[in-house]
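First up is the structure itself, then whatever we jot down about it.
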Amino acid sequence: MPKTWIVPPKGLNDAELALVDAYNTLVKTLEESSEDLEPFERRNALKAVAALWQVMNGLDLDPGHLYDIGA
Amino acid sequence: MPDSPFWNKRHETMPRDQLEALQVRKLQNLVQWATQQVPFHASRLGDAGVTPDSIQSLDDLRRIPFMTREEWMRSQVEHPPYGPILAAPESAAIRYHMTSGTTGRTPIRVLDSMKDWEWIAEMWCYGFWGFGVRPTDTVFFAFSYGTFVGFWGAHYACEKIGCLVLPGGNMTTEARVKQIVDMNATVVCSTPTYALRMAQEAHKLGIDFANGPVERLILSGEPAGSIPATKKLIEDQWGAVAGDTAGMTELGTIMVFECSEQPGGTHIIEPHYIEEVVDPVSGEPVGYGEQGERVVTSFGRGFIPVLRYRTRDLVVKVPADRCSCGRTLDIYEGGIVGRVDDMKLVRGTNVYPRAVEAIVREFAEVDEFQIHLFTAESIRDEIEVLVEIPDSKADADTILKKIGTELSEAHEGLRFGVRQVANESLPRFELKAKRLNDEREVIGSAGEKRKA
């Protein structure tokens, strides 16, 4: 499990859980498979994860920082 | 989901005990991050015996040493260009901004990463949404889009919200006024001073703003957005409601905003900041309703951790229930009400008299000088530097022009008038010099002298 993996707490609704899942998937992909991505894939994924980080932060899920992966 | 008056309801209506617990947890994380990543903070926190585990309540915050602008600037001078304050490699940054400094040409320089930049916009979203801006709005920015951070974050916030954004950089005031009307802008963002300047221009052009499309003004950059007389004048001239916001380059974004209930002050975005109010001399906390200095700790921008930063802004904090909007976020009554130091805000730009002096004194021909602030046409702040050049052989015109250019370059493009006055006409000082003459009035009042 990546160090930035977020374990969702109880109380989130299904839509919010889907966003946590999307965030975790994106971060994991960027951490582990970044070199397999074309520039357009990697940079757009970084933009998406930077936006989803705001959701994790707004839900107070302690998402930490993303500088290691370039966001 | 029905339209919500809140951008983030759980944050904005969180019970105070939960909010404080959240702040403590975020503070622990911040102390850990700053200690691990930033030697500048590690040594300061270490000297004070502060560790993440030692933070158990908000009272423990007071064990963290204050951070000052002077320290920050000195660290950048000693370790240019950013100082030893970065928590991430420069290569992770996507954005550079700066603000005018306190001494001469040394600015404060900041960097942001992609997610920090998104967070900067996120803070503005609390403010815009809270003041009623929605995806159907068309938002015009009367902003110069330079290295001054200003409304940059607000621009991206409006894109995020889904508004149609009209970036009004590099335009004359006339062109801006015409575009606001031609494009049916429903929201306009500017400094309070410039809002009045645009209204004046509209009047000259025969455009009736009061019956125009603009419904809301978002003001920032000067305290006037919360001064009742000025705000009323702006609202009357535009036929729109005006909401105050305040931010700072050191944070990258706003930390307070006025909600649509207009409670006569600005809500603090407390889930993302701890805002203390302290006695400017003793540093001890003051209570609700008492004036003191803002000290900010930010949980947002990870690239440059900010812990207990002394802002020199004067504020009066009052409880959230002063407002009927339902937010549990405390309020700065009257917004930013003044300054502890001698900094002046002129059309949104910080001006420190000692920074002006450092530049003027580079011109040996200048014997004496005075900084003169005044209100032009009852609506606009102006700054001019009066200089004495006693040597009749000196090329005074060239010197005046050079001083003006260099002052402007050191102050985010702010226009300075530089005028030669008769020799021996300016006051001389034997002890503490007072070369600042602030004659500005409260805009919208009957000539009342401004306090800050």
Side-chain angles (χ1 to χ4, degrees), chain A residues 1-35 37-71, chain B residues 1 6-12 14 18-19 21-30 32-34 36-38 86-95 111-126 129 156-157 159-160 253 269-272 299-305:
Chain A
M1 187 178 291
K3 62 183 177 185
T4 48
W5 192 266
I6 287 175
V7 179
K10 290 178 183 170
L12 299 187
N13 66 33
D14 287 347
E16 289 167 336
L17 286 169
L19 293 179
V20 175
D21 190 43
Y23 176 81
N24 279 333
T25 302
L26 271 172
V27 173
K28 185 170 185 284
T29 303
L30 288 161
E31 281 182 345
E32 297 177 356
S33 312
S34 196
E35 290 180 2
L37 298 173
E38 292 287 320
F40 80 96
E41 294 168 331
R42 178 162 184 268
R43 300 311 303 185
N44 281 301
L46 283 169
K47 283 279 281 183
V49 88
L52 278 176
W53 186 93
Q54 311 308 319
V55 180
M56 303 303 110
N57 194 41
L59 290 169
D60 302 321
L61 302 182
D62 296 341
H65 296 287
L66 300 169
Y67 307 120
D68 288 350
I69 60 171
Chain B
M1 191 171 281
F6 309 107
W7 176 251
N8 182 335
K9 186 179 178 183
R10 62 185 301 283
H11 268 177
E12 293 171 70
M14 188 175 277
Q18 290 179 33
L19 178 59
L22 174 65
Q23 289 178 318
V24 169
R25 196 175 85 223
K26 288 191 169 188
L27 183 60
Q28 290 169 335
N29 292 341
L30 177 62
Q32 181 165 18
W33 173 251
Q36 281 176 354
Q37 301 293 124
V38 187
L86 300 183
E90 289 177 33
S91 58
I94 59 153
R95 199 74 187 214
L111 292 178
D112 288 297
S113 76
M114 204 178 277
K115 76 105 166 105
D116 287 352
W117 192 246
E118 285 285 342
W119 173 81
I120 282 167
E122 188 76 5
M123 294 306 98
W124 280 100
C125 286
Y126 283 80
W129 194 273
Y156 288 100
E159 288 187 356
K160 189 189 297 211
T253 186
I269 313 176
E270 291 175 285
H272 295 272
F299 303 127
R301 178 192 263 161
F303 221 105
I304 302 177

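Chain letters run A, B, ... following the sequence lines, proteins first, then strands; residues in each count from 1.
Using a 4.0 Å cut-off between a side-chain N of Lys or Arg and a carboxylate O of Asp or Glu, B:R25 and A:D60 do not qualify as a salt bridge.
Expressed to the nearest 0.5 Å, how far CD of A:Q54 lies from CE of B:M123 amounts to 7.0 Å.
At a threshold of 4.5 Å between non-hydrogen side-chain atoms, the residues A:N57 and B:E122 do not count as touching.
Contact detail for B:S113 and A:A71: the closest heavy-atom pair is OG-O, 3.1 Å.
In this structure, chain A has a heavy atom under 4.5 Å from the side chain of B:W33, while its backbone stays farther away.
Residues satisfying the side-chain contact (heavy atoms from CB on, under 4.5 Å) test with A:V55, not counting sequence neighbours, are A:L19, A:L52, A:L59. Under the rule for a side-chain contact (heavy atoms from CB on, under 4.5 Å), the partners of B:N29 that lie at least two apart in sequence or sit in another chain are A:D62.
For the pair A:Y67 (side chain) and B:F303 (backbone), a donor-acceptor distance under 3.5 Å is present.
Chosen from B:E118, B:H272, B:K160, the residue pairing most often with chain A at heavy-atom distances under 4.5 Å is B:E118.
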- request: Kindly indicate, with the supporting measurements, whether the criterion side-chain hydrogen bond (donor to acceptor under 3.5 Å, both in side chains) is fulfilled by A:H65 and B:D116.
  value: CA-CA 9 Å; A:H65 296 287; B:D116 287 352; 5.0 Å; no

